[in-house]
Amino acid sequence: MRIVVVGGGIIGLSISREFHKLGYEVVVVDKGEIGKGASWVAGGMLAPQSEGLEPGIFLDFCLESRDMYQAFTKEIFVDTGLDVGYWKSGIFCPAFSLEEKVQLLQKLTMYKNLGLSGEWIDREDLEKRFSSLGEDIVGGVFYPEDAQVDNRLLMEALTLYCREYNIMAYEHSKVEKIITSNGKFEAVRTDKNYIDGDVCILAAGAWSGEIADIPVFPIKGEMSAVDIKKGELDMVFFSSKAYLIPRKDYSRLVIGATEEKVGFKDGNTVKGVLKLLNGLIQTFPHMRDRNIQEMWYGYRPATPDLEPILGESDIEGLFYATGHHRNGILLAPITVKVITDLIHKREKSEYLESFSYKRFLK
Ligand code: GLY
């Protein structure tokens, strides 16, 4: 069986790898270079608790994927020899006011009631660990199970897998139309080629809504990175000001991210970069002297309820794996599982009912 995967991001390449392992012929189509889209420009936090997700199916989905991550990255290491920087560093959510403290403590109680871990840390204890700390920080909540991965290394590894194992990649090929015959998927037509197959999986991130009739739209995020000293910060800081992600090899401190509904408007803006850098120095004032390594931006694939669209479409043979919004990196392992179970094992995960495109038809 030949599977056409539209989108060479974290979801598309992870799905391609799994179907290749299962013995399918897989082709990937991307409007740019595979591995270099929104997943390349993400932060790589694996942060269902720090994101403050409310109890429900989406939180369960995220937690299950977080639990799968270590094994997922280990398998990729075995396949490619590349360590993708998975780090169960934990994520600390600082409170910058008493009001924020109350909100964070309420979330912490909510998670504890679900049997999840987390603890409040007072400013006094933080001061013992960090030489400089923003003066407004009153303490914060630490979630030890939240983690991170170096999304760029992960994308390099998945790209390497595709190239090494001769997964055919049609790059710089913009999908213009999904061609059907008698209600069944037949092919995708790009601006350069006609690519047929038995099954198509649409994993085109923020561009998915331009290819199929589903409500997926971009939410732009600006990012930056500065130098960091070895051992300076051993967990992610995630607050209302910014999130700060020290890479496991201390090559950089990634700072994210703004959120704006401005369509596919390109470029970094003065206000965006100022917000990020102010967030950095409000957290760690001594970092005002650091060199800026890079500024960049990307587009999160959002849906009206900010949850993904997964599973069958109204076209036989066309499946969706898109709309992961802020959690695309986190949700790769579980998305691969529910999609391969559906197509390969013909087993429909209970999650698919909740994440069907049909919820938007009501
Ligand atoms: N996952 C963090 C973000 O989307 O900015």
Side-chain angles (χ1 to χ4, degrees), residues 9-11 14 37-54 58-59 61-63 65-66 69 72 84-94 107 143 145-155 203 205-208 216-226 235-247 252-265 268-269 271-280 283 294-308 322-335:
I10 177 81
I11 301 295
S14 302
S39 312
W40 175 263
V41 299
M45 283 186 300
L46 311 172
Q49 290 179 262
S50 315
E51 287 272 356
L53 300 177
E54 294 291 328
F58 185 56
L59 174 63
F61 195 57
C62 289
L63 291 172
S65 205
R66 187 183 68 181
Y69 233 90
F72 175 62
V84 298
Y86 172 79
W87 186 9
K88 203 168 147 190
S89 58
I91 300 187
F92 179 69
C93 302
K107 285 272 169 179
Y143 291 114
E145 299 298 319
D146 277 353
Q148 64 153 300
V149 66
D150 187 329
N151 49 293
R152 292 193 180 181
L153 295 178
L154 180 55
M155 296 318 296
W207 289 267
S208 302
V216 181
F217 55 91
I219 297 187
K220 184 179 174 184
E222 296 187 44
M223 307 270 290
S224 182
V226 298
M235 57 192 176
V236 175
F237 267 56
F238 184 170
S239 75
S240 55
K241 311 283 180 207
Y243 52 74
L244 312 174
I245 312 171
R247 288 302 185 216
R252 54 174 39 197
L253 180 67
V254 173
I255 311 165
T258 60
E259 277 211 351
E260 263 188 308
K261 278 193 203 168
V262 288
F264 291 108
K265 187 170 182 282
N268 278 101
T269 61
K271 69 171 187 228
V273 174
L274 273 178
K275 180 178 174 1
L276 300 175
L277 299 183
N278 277 327
L280 171 69
T283 313
E294 191 185 341
M295 288 178 278
W296 69 94
Y297 59 91
Y299 306 103
R300 303 174 185 88
T303 65
D305 61 9
L306 304 179
E307 294 184 3
T322 187
H324 293 76
H325 186 225
R326 294 178 63 90
N327 298 293
I329 303 291
L330 168 66
L331 290 173
I334 189 88
T335 301

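Counting starts at 1 for both ligands and their atoms, following the listed order. These figures come from a predicted structure and were not determined experimentally. Residue numbers start at 1 and run along the sequence shown.
- Taking a cut-off of under 4.0 Å to the non-hydrogen atoms of E51, the atoms of ligand 1 that pass are 1 (N), 2 (C).
- We find that E51 and R66 are not joined by a salt bridge, their nearest charged nitrogen and carboxylate oxygen being 4.0 Å or further apart.
- At the shortest separation from atom 3 (C) of ligand 1 among protein heavy atoms lies Y243 OH, 3.3 Å.
- Between Q49 and K107, the closest side-chain pair of non-hydrogen atoms is not below 4.5 Å.
- By the 4.0 Å N-to-carboxylate-O rule, R326 lies close enough to E259 to be salt-bridged with it.
- Salt-bridge check for K271 with E260: passed, with a basic side-chain N closer than 4.0 Å to an acidic carboxylate O.
- Classified by interplanar angle (parallel below 30°, tilted 30° to 60°, perpendicular above 60°), the ring pair Y86/Y69 is parallel.
- Proximity to A257 (heavy-atom distance under 4.0 Å) selects the following atoms of ligand 1: 5 (O).
- Close N/O approach between R326 and ligand 1 is found [any backbone or side-chain N/O within under 3.5 Å].
- The protein atom (non-hydrogen) at minimum distance from atom 4 (O) of ligand 1 is R300 NE, 2.7 Å.
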